[in-house]
Amino acid sequence: NVAIGGTSATQKLDVTGSIKGSADLYLGSAFNIYDNGSRVWHRSGSFQSLFVGNAVGTTSNTGNRNFGFGTNIFQSLTSGEQNVAIGGTALYALTTGSANVGIGVNVMQNLTTGNSNMSIGGSSGSAITTGLGNCLIGSGAGGSITTGSYNMAIGTNSLRTATTQGYNAAIGFQALYTNNPSFSVA
């Protein structure tokens with residue numbers, strides 16, 4: 001181990017101070033960058049995934065083509081593929097789910113194995129665990145759905161209290177907020 005600017009090295013190269021360069025920096029196909037012990041950049045080799053932010057991704061991820069930008073995203077991801085998480089705790093618990101898009105703080109934070117969900121807006125879809133094919137747009141939209149599938153909620157708090165119901169379409173502020181049957185349109 002080599003220390004530059006310090007007296008002890010805990011890694012192969014341990015630099016105390018700033019690093020300045022005027023050319024390219026080449027890193028291997030898989031690497032992590034840490035800030036005070038918290039991973040802020042994770043690139044997973046041949047799996048073509050990239051996570052940027054504080055406490056991002058897992059080192060056991062074998063999923064392909066995932067992208068995340070935010071804090072505490074993809075904390076449980078193992079083999080899920082083609083997911084996008086942007087925002088604090090977006091897709092936090094996702095393990096094997098694929099083709100999910102979460103944009104906003106706390107968006108689909110409990111989703112584990114669900115596929116093809118899209119949630120945009122703070123806390124939208126925040127309770128989904130295994131739901132499929134939900135499209136939730138607006139703050140709190142579909143916020144209580146757990147296993148419900150094929151729901152569309154557009155508008156703040158639309159379809160807010162539905163949990164396991166499916167095949168609903170709610171458009172507008174608080175549309176179907178407390179009405180929770182399946183196959184409803186409002």
Side-chain angles (χ1 to χ4, degrees), residues 30 39 42-53 55-171 175-176 180-186:
R39 184 175 41 242
H42 172 70
R43 168 74 164 85
S44 62
S46 61
F47 299 109
Q48 300 175 357
S49 291
L50 176 64
F51 310 137
V52 179
V56 294
T58 63
T59 56
S60 60
N61 176 24
T62 59
N64 202 1
R65 296 181 303 276
N66 295 293
F67 173 80
F69 184 85
T71 300
N72 293 315
I73 54 173
F74 291 132
Q75 289 298 295
S76 302
L77 189 63
T78 54
S79 60
E81 297 193 347
Q82 300 177 0
N83 295 291
V84 175
I86 300 174
T89 69
L91 297 174
Y92 178 88
L94 189 66
T95 56
T96 59
S98 294
N100 296 291
V101 175
I103 301 173
V105 175
N106 301 328
V107 174
M108 294 192 293
Q109 64 187 4
N110 292 301
L111 183 67
T112 56
T113 59
N115 296 311
S116 302
N117 294 289
M118 180 184 72
S119 190
I120 300 173
S123 297
S124 60
S126 60
I128 294 176
T129 56
T130 59
L132 302 170
N134 292 292
C135 177
L136 311 168
I137 301 173
S139 179
S144 297
I145 296 172
T146 55
T147 58
S149 295
Y150 308 109
N151 292 293
M152 178 182 66
I154 300 174
T156 298
N157 290 324
S158 57
L159 202 61
R160 178 67 180 178
T161 60
T163 56
T164 60
Q165 297 77 8
Y167 302 95
N168 293 296
I171 301 173
L176 291 177
N180 296 319
S182 291
F183 302 99
S184 294
V185 176

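Counting only distance, with no hydrogens or angles, the side chain of Q75 and the backbone of T89 share no donor-acceptor pair below 3.5 Å. The backbone N or O of N151 lies less than 3.5 Å from a partner atom in the side chain of N134, making a donor-acceptor pair. The backbone N or O of N83 lies less than 3.5 Å from no partner atom in the side chain of N100, so there is not a single donor-acceptor pair. The closest donor-acceptor contact from the side chain of S116 to the backbone of G133 lies at 3.5 Å or more, if one exists at all. Side chain of N115 to main chain of S98: a donor-acceptor pair is present (N/O by atom type, distance under 3.5 Å, no hydrogens or angles). No donor-acceptor pair closer than 3.5 Å links the side chain of T95 to the backbone N or O of T78. Looking only at distances, a side-chain donor or acceptor of N168 sits under 3.5 Å from a matching main-chain atom of P181.
The two residues A175 and A170 come nearest to each other via the heavy atoms O-CB, 3.5 Å. Across all their heavy atoms, R160 and S123 have their closest contact at NH1-O, 4.1 Å. Nearest heavy atoms, A90 versus G104: CB-O, 3.8 Å. Annotation for T113 and T96: closest pair CG2-OG1, 3.3 Å, computed over non-hydrogen atoms. Residue E81 comes nearest to G63 through the heavy atom pair CG-CA, 4.0 Å, listed as atom of the first residue, atom of the second, then distance.
Atom-to-atom distance recorded for L94:CG and S76:OG is 8.5 Å, nearest 0.5 angstrom. Annotation: the span from Y92 atom OH to N106 atom CG amounts to 11.5 Å, rounded to 0.5 Å. A distance of 5.5 Å separates CG of L111 from CG of N117, quoted to the nearest 0.5 Å. How far CG of L159 is from CG of L176: 6.0 Å, rounded to the nearest 0.5 Å. To the nearest 0.5 Å, atom OH of residue Y150 and atom SG of residue C135 are 13.5 Å apart.
L136 has its side chain within reach of I145: a pair of non-hydrogen atoms, C-beta onward, lies under 4.5 Å apart.
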Item to check | Trace of the side chain to side chain contact (heavy atoms under 4.5 Å, CB included) decision for I171 with M152 | outcome: CA-CA 8 Å; I171 301 173; M152 178 182 66; 3.8 Å; yes

Next on the checklist: Test side chain to side chain contact (heavy atoms under 4.5 Å, CB included) on V107 and L91; report intermediate values, then the result.
Outcome noted: CA-CA 7 Å; V107 174; L91 297 174; over 6 Å; no

Next on the checklist: Apply side chain to side chain contact (heavy atoms under 4.5 Å, CB included) to residues Q109 and S126 and explain how you reach the verdict.
Outcome noted: CA-CA 5 Å; Q109 64 187 4; S126 60; 4.2 Å; yes

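A tilted orientation is assigned to the rings of F51 and F74, their planes being inclined by 30° to 60°.
A search for side-chain hydrogen bond (donor to acceptor under 3.5 Å, both in side chains) contacts involving S124 returns S119, not counting sequence neighbours. Checked against ring-ring contact (aromatic ring centres under 6.0 Å, His included), F69 has no partners two or more places apart in sequence or in another chain.
In summary, the side chains of T129 and N110 do not present any donor paired with an acceptor at a separation below 3.5 Å, with no hydrogens or angles considered.
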